[in-house]
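Chain naming here is simple, since letters A, B, ... match the order of the sequence lines and numbering starts at 1 in each.
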Amino acid sequence: MSARVTRSTRASRVGTVVAALALLVLAAAPWWAGRADMRLMGEIYLYLSLACLWNLMAGYAGLVSVGQQAFVGFGGYMLFALTIFGGLHPIAAILAAGLLAAMLSVPIATLIFRLKGAYFAIGTWVIAEVFRLSFAQIQALGGGSGSSLPVGVVKSLAASRSGREALSYWLALGAAVIVILSVYLFLRSRRGLALTAIRDSEVAASGLGIDIWRTKLEVYVVTSAFTAVIGGLIFSQKLRISPDAAFSVNDWTAFVIFIVVIGGIGTLEGPIIGTLVFFALRETLADFGTIYLMVLGLVAIVVMLKAPKGIWGLVRDRFDLELFPLSYRVRKRD
Amino acid sequence: MPEVLSLNALDARYGDFQALFGVDMTLAEGEVIAIIGANGAGKTTMLRSISGLLKNKPGQIVYRGRPIGGLRADVVAHLGIALVPEGRQLFPSLSVEENLLLGGKVGRPGPWSLEKVYDLFPILKERRRQASTSLSGGQQQMVAIGRALMANPDLVMFDEISLGLAPVVIKSIYDALPGIVGEGMTAMIVEQDILKALSVSSRVYCLQEGRVSLEARTEDVTHDQITQAYFGVVA
């Protein structure tokens, strides 16, 4: 018997082809999908992006934040502020929001990185509340009751309603693709190697000269910047913003954690599976009001008890599958 | 020979518990010393202190004239001190080669490269794409040693490299040691297997309950001295 070692597997190669085809079909959605379906899919892509980013931060860098809504809301508010007062094009404003979030995340990190574990989580939440209360003070942006995106700004995206809907759909799809690819390429890079090493053993990693603090800071800054961009996209679709909607811990953190945990934390496939499960549950149970939230909680508890590595962890253990080839494996040669 | 490392009345503690009491030690360029002692004598604590995993007063650990007792582990690694940790501490999600490459992350110049590590342990080249956890204990120990060498350290510290390995595997690893220290490296070998440790070192320190109970040249040391220093009783 001879063997060869490879990163890719048949499943991952088939997965790549299927993903490329699926992407083409999805990109053509404005020609085959209805208005409501497109809006739902756009929302799915943005949640998928948030989940991938949170997964990189919590599942790989061990930064379990419950305060990323700070950056979702910040991105949203920057879209409004920079277009209304700065006269920027909405897309430029969204990208600028990402840059500003990156700069803002550095001083925040120096503050909250002093905290460990549960204290870190609480610290991030406190920061997000500070954001919410601060933006509620800004009367020019509507204070506590929020404001709407002016018609002129909305029209600058595209003249017609259908053109606008297609554009925000493509922006959401593009964002999700960029986030997933970036996370994947990052994890395959040398820096990603260091991050994986830190996750495996902080003691051994620091003994090899890996600066744990700086590596985690880099991840925090990059995820925060991306999260703000996604926040900008979210509120460019909603066209209205208020402090409670922008900095909602339920919408932008609890649901995201649910997605990552049931999908499989610390895997690239987990957030994708989790997002599909989350939206399947939401779309079938949305009419039942609070029962929907109770079912979500129940699903989360059952998955955590029965499959602590999430649905993807279960699948991977049973079938040895990996759609994003990150690890090497030995294959028997035919 | 210039002094590479000196410990000056090193006290180390975990919270309220003090593990080392005024340990003095010196290590000259190119020297190989053995550290022996029973379980809980403070050997691993000493290595953790030197490598920066445990914080101390700066002046208690001096490396090439520079106080390093208060530095972080990653900074100490960049200065050229490498630790082959007890229990190997490989990265299970990474392949053999990725584990080795991470060792070279500090980017210090020197004789050690991926190729030289594979020359020293040819089996690792065959297994380089495999997950590090799929290897046998001895092979994993080779990865841990290779990973430390990849940093091209001036001083390498081995913590219990024979722990949990079969005698034949221990022998093959010890056979490789001269090839390592022959590169002019200074080394500190912590071992429970006293005879093995003495066979490759020129001086020996024995720790007992956090204190140095014996310091001697290996060729001069007697069996009784070791027994006395190790157990604290006269045989």
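Only the side chain of B:L53 has a heavy atom closer than 4.5 Å to any heavy atom of chain A. Heavy atoms closer than 4.5 Å to chain A are found nowhere in B:P85, neither backbone nor side chain. Residue B:R88 does not touch chain A at all, counting heavy-atom pairs closer than 4.5 Å.
Residue pairs meeting the side chain to side chain donor-acceptor pair (under 3.5 Å) criterion with at least one partner in residues 103-125 of chain A, sequence neighbours excluded, do not occur; the list is empty.
Residues satisfying the ring pair (Phe, Tyr, Trp, His ring centres under 6.0 Å) criterion with A:Y45, sequence neighbours excluded, are A:Y169.
For the residue pair A:T267 / A:R316, no side-chain donor-acceptor distance below 3.5 Å is found, with atom types taken as modelled.
In terms of non-hydrogen atom pairs under 4.5 Å with chain B, the most contact-rich of A:S206, A:A205, A:S201 is A:S206. Contact tally against chain A (heavy-atom pairs below 4.5 Å) for B:V75, B:L94, B:L83: the top residue is B:L94.
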Begin with the C-alpha distance, continue with both residues' side-chain angles, and end with the deciding distance and a verdict on side-chain hydrogen bond (donor to acceptor under 3.5 Å, both in side chains) for B:Y14 and B:T45. CA-CA 9 Å; B:Y14 299 100; B:T45 303; 3.1 Å; yes

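Panel note: side chain B:R48, backbone B:L54; no donor-acceptor pair is recorded below 3.5 Å.
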